[in-house]
Amino acid sequence: MIERPDDRTPDTVLSALTHDALSARQAADLLGVNERTIRRAIAHGRLRATKRSGVFRIDKQELDRYRPAPFMSRSVSERLSHPLTLLPKAPAQPPYHVPRPLTPLIGREREVHAIGDLLTGDNVPLVTLVGPGGIGKTRLAIDVAAHVRDAFADGVWFVDLSPLRDHRLVSATICQAIGIREVVGRPATDRLRDFLEQQQVLLLLDNFEQVVSAAPDIAAVLAACPGLTMLVTSRVPLRLSVERQYPVPPLPVPAPAEIHDLD
Ligand SMILES: Nc1ncnc2c1ncn2[C@@H]1O[C@H](COP(=O)(O)OP(=O)(O)OP(=O)(O)O)[C@@H](O)[C@H]1O
Ligand SMILES: [Mg+2]
């Protein structure tokens, strides 16, 4: 039984203290901040959380490390005069199979946050970055993945579809990238569904344009897997009802003074 840490501690907070993982609401109550602050911290990777059936679950240890604002220099435990966690355990790191960029990202901060918010929100299972070749779709997708990785408890995978010409091989290529084993007589789309239906995963599907006829397969997998989110790069949209198209704008041309600074 947990002792009342502070006479002013509300009952919602006390009930939160008795659970191992907290909802965004409980975490917000515990810290005395707005729930949106917690959701934003998760979306921006400052607070780790998992998502089950559309509900965030925040490990108490993670919450105890998080400082919502610079003026909050003390941890939650310190402020409540009560340890949030009695048995510290090392959190397992989910798989993250995304190429590492070798150069810094230039001028896409606004896009990274906007796309990250879409992917970690509740209603958008599929975002397609659309634009002509060379505009920076793949590069942007990679940086968005790094930005939101903590919102996907079961991992993030990048799947390069550029070598494919046959749209019927898309599901098999995704299975191969994730490491889902073959089962005789079981189609790849079914194996993908079997594996992902309980998972909180982000899939990056890169260069979808030449296999766009596989879009209905993608829709079927998304419909069967509520915790699955996809970020697709393509020169053309997939034209699915669940899709949110995000046209990638050209990078702004630097002003002459900025070009001079680069010399
Ligand atoms: N914002 C950026 N900062 C730094 N490098 C970038 C940026 N955007 C693009 N690049 C670089 O420009 C090149 C082209 O970008 P990218 O491969 O992402 O284009 P793309 O839109 O995916 O093209 P395609 O349709 O041919 O796949 C890459 O070398 C990439 O690393
Ligand atoms: Mg690309």
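Treat the numbers as computed from the prediction; the structure is a model and nothing was measured. One-based numbering, in listed order, for ligands and for the atoms of each.
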Within a radius below 2.8 Å of the Mg ion (ligand 2), how many protein N, O or S atoms are present?
->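 Total protein N/O/S atoms under 2.8 Å from the Mg ion (ligand 2): 1.
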
Non-hydrogen atoms closer than 4.0 Å to ligand 1: which protein residues do they belong to? List them by chain and number, please.
->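 Residue list for ligand 1: P104, L105, I106, R108, P132, G133, G134, I135, G136, K137, T138, R139, N207, R235, L251.
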
Hey, is the main chain of [Y] close enough, under 3.5 Å, to the side chain of [X] for a donor-acceptor pair?
{"X": "K137", "Y": "V248", "result": "no"}
{"X": "R46", "Y": "A43", "result": "no"}
{"X": "Q210", "Y": "L164", "result": "yes"}
{"X": "Q176", "Y": "A172", "result": "no"}

R139 and T103: side chain to side chain donor-acceptor pair (under 3.5 Å), yes or no, with the steps?
-> CA-CA 10 Å; R139 183 55 213 264; T103 54; 3.3 Å; yes

Using side chain to side chain contact (heavy atoms under 4.5 Å, CB included) as the criterion, point out the one residue from [options] that pairs with [X].
{"X": "F208", "options": "L129, I218, T128", "answer": "I218"}
{"X": "L192", "options": "D217, I178, L228", "answer": "I178"}
{"X": "V170", "options": "I174, T173, D166", "answer": "I174"}

Are R191 and D194 within salt-bridge range, i.e. N to O under 4.0 Å?
->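 Salt bridge flag = no for D194 with R191.
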
